[in-house]
Undergrad: 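Sharing a structure here in structure tokens format.
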There are 2 protein chains.
Amino acid sequence: MNKLPTIKEIAKRLNVSVSTVSRALRDHPSIGLVTTMRVQKVAKEIGYEVNRSAIHFKERKTYSIGVVLPSLSEPFFSAALTGVEDAAEANNYNVIIGQSLENFEREKRIVENMKDHRVDGILVSLTKETSTYDHFDNLKKYNIPVVFFDRVPNKRDINFVSCNLHSGMLQAISKLVSMGHKRIGLINGPAKLAATRQRLQIYASCLKENQLVLEQDIIVSTDLSKAGNLKAIHKLIALDESPTAVIVFNDYVLLDCIAAVKAAGLKVNSDISFVSFANLPIWEYMDSLPLASIEQFAYRQSSMAAEFLFKLINNAAIPGATELPPLQHIIDSEMVLYHSAK
Amino acid sequence: MNKLPTIKEIAKRLNVSVSTVSRALRDHPSIGLVTTMRVQKVAKEIGYEVNRSAIHFKERKTYSIGVVLPSLSEPFFSAALTGVEDAAEANNYNVIIGQSLENFEREKRIVENMKDHRVDGILVSLTKETSTYDHFDNLKKYNIPVVFFDRVPNKRDINFVSCNLHSGMLQAISKLVSMGHKRIGLINGPAKLAATRQRLQIYASCLKENQLVLEQDIIVSTDLSKAGNLKAIHKLIALDESPTAVIVFNDYVLLDCIAAVKAAGLKVNSDISFVSFANLPIWEYMDSLPLASIEQFAYRQSSMAAEFLFKLINNAAIPGATELPPLQHIIDSEMVLYHSAK
DNA sequence: TTGTAGGCGTTATCAA
DNA sequence: TTGATAACGCCTACAA
């Protein structure tokens, strides 16, 4: 347990006071040039480095932020994390990671743990299960700012960056209509999810904007399990008059749908076309892929959220500073068209 | 900037000393039951929570470990991270993440930064570019233990968990031979990579163990770029006598190979079979997939590495403890056979 | 059973 | 230009 050198050590060697050393190390103008040089020389010799824990303690800051997100196995979130890392590096911050794995209790534990570690701020993308936000509200007491991204609470007075699916979906449905599609179905998620209500609403409005009527029989839902996905798509292809195109809750659901469709002897993009959400990088290598994906800009969302978080943190450090207006930014999604002719 | 309650505050309220409070809060036996109760009651009332930064500072520990890995967009590493997180949670530790993105300089910066933050230990899976290890050796000075996993340095006196590709490759090649394959090619990586030399050596020995001779014309290499991948596979299928099976450097290379093979009008798993490394979860959904993957147990490797790291950390905290023997554990890989009849 | 005092490493304030 | 000292929050050896 040999201790690392401290300014005290340097002070002793040079027979000066610790305050002189402290100042000399940071080139404080009040310290004479000779002294400064001597101090810095010795510091280098004995391999002195400032003990950040001491500073953190003194400044009541840890120079680390927490990131809570569902799962890094989703390319969307690993891209998002890269955005956070980049912003953190630019601000000299560390990133503490926590995967909630879509588990509400785990999310709570992670947040609690980050709070205990006194992170200076937290970025969050919610679990699918999350519908109460006490564990985040609680952070106010500790002056830990929170910025949400992508999966954000349905709640006022929060900071967030999210993505407006309407723009992308409208582009997609318009494209489908221009290609002659008239019956465009929807495979939605479980009713309890906010994302589900959102998808339905946007779907309805996009149909309307294209002068199509909403038909209940081509709207089905899945519980996001493989079985649920298969059941949903089978319901659609079993219809007397199946939809010729389907908007699918997300890419993972779509993978199962494509398998089912092919097993049923149908051809993707000719018998039935798909549009989905997420933009898996792997589509590039698949034989059957959606006509289009709705790009939601993971990196952009997360880095924007991170940058605002740092603004909040830095602003709080200024004594008399006025509070920043909340960030409530919504990025427009965009349709990404794939070459369906592979 | 309203400060959080401290033990001092509690002490003042109850007219006892801070040491009494400190002890009472941790149920120290020397403190009377009444006092203990009174202290804990007030603590609860004013919402006291211990300031970990102060403890960290005092104990010269941060209760966080760093994880440096190439890229979380690879499912292998995101699985590995989950292993680390689970081990960290069990040990009441935080995980600071750093993606090196296969960039040596970035790896160095991350390690430097983690050192500055005085993490209690570091887990590393190296960049493909990394061939010098000074930035890790340097950590000894700060008593920061390092454990490597999967992509480990070629060096003695380090702690690591890695995966022995031989076992899996032998299973795969034996399987291929049992299916009648006699010409089994290899698409290897760039020469400068340790993994490349390793693949070649294992490939050679597995052929030998199956009484096959090494044929240079069916050994090609790629620089891992898309163009390189395509060039490599084209070289093989352009041969007068093409191999009927090919061992491929990794799944990402294989994706390009499969595309090329299909474009050339060949059928995967009948005209040509593949075996690859990584075990992408997505294969399940692909039309053309390798005959088998070599499973390398990301979660198992990383959690084993993490657990040992915590042992090191805890051991170092015991004053007179003898140093632990280094961990140099090698897990056997395993062939995972896919149902090629989809 | 409880209190006092010192220390962890650094910086800021005030004094010299 | 430099030094002494207090403070950050907590713990602990020693004293009472």
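Scope of the values below: all heavy atoms of this structure, side chains included, with no hydrogens, waters or symmetry mates. What you see is a predicted model; the values in this text were computed from it and never measured. Throughout, a chain's letter reflects where its sequence line sits, starting with A, and its residues are numbered from 1.
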Undergrad: Could you give the CG-to-P distance, from L25(A) to dT2(D), as a whole number of Å?
TA: 13 Å
Undergrad: What string of B, S and - do you get for nucleotides 6-12 of chain C, 5' to 3', when a contact is any protein heavy atom under 4.0 Å?
TA: -BBBBBB
Undergrad: Atom CD1 of I10(A) to atom C1' of dT2(D): distance rounded to whole Å?
TA: 16 Å
Undergrad: In whole angstrom, give the distance that lies between atom NE2 of H117(A) and atom P of dG9(D).
TA: 19 Å
Undergrad: Give me the ring orientation class for F136(B) and F148(B): parallel if the planes are under 30° apart, tilted from 30 to 60°, perpendicular past 60°.
TA: perpendicular
Undergrad: Any side-chain N or O of T20(B) less than 4.0 Å from the OP1 or OP2 oxygen of dT2(C)?
TA: no
Undergrad: Within the supplied structure, the quantity of interest is the number of heavy atoms (other residues, nucleotides, ligands) at a distance under 6.0 Å from K155(A) NZ; does it exceed 12?
TA: yes
Undergrad: How many whole angstroms separate atom CG of N15(B) from atom P of dT1(C)?
TA: 20 Å
Undergrad: Rounded to whole angstrom units, what separation is found between the CE atom of M37(A) and the P atom of dT1(D)?
TA: 15 Å
Undergrad: Pair H56(B), H117(A) - check ring-ring contact (aromatic ring centres under 6.0 Å, His included), show working.
TA: CA-CA 10 Å; H56(B) 297 170; H117(A) 264 258; 5.4 Å; yes
Undergrad: Figure out the CG/P separation between D116(A) and dC10(D), and round it to whole Å.
TA: 13 Å
Undergrad: Does R13(A) come within less than 4.0 Å of E9(A), counting only side-chain N to carboxylate O?
TA: yes
Undergrad: Rounded to whole angstrom units, what separation is found between the OH atom of Y142(A) and the C1' atom of dG9(D)?
TA: 16 Å
Undergrad: Is it true that R109(B) and E89(A) have a side-chain N and a carboxylate O under 4.0 angstrom from each other?
TA: yes
Undergrad: What's the CG-C1' distance between L33(A) and dT2(D), to the nearest Å?
TA: 15 Å
Undergrad: Does any part of the side chain of L324(A), heavy atoms only, come nearer than 4.5 Å to the side chain of L312(A), both counted from C-beta?
TA: yes
Undergrad: At 4.0 Å (heavy atoms only), tell me whether S53(A) reaches a base, stays on the sugar-phosphate, or touches nothing.
TA: nothing
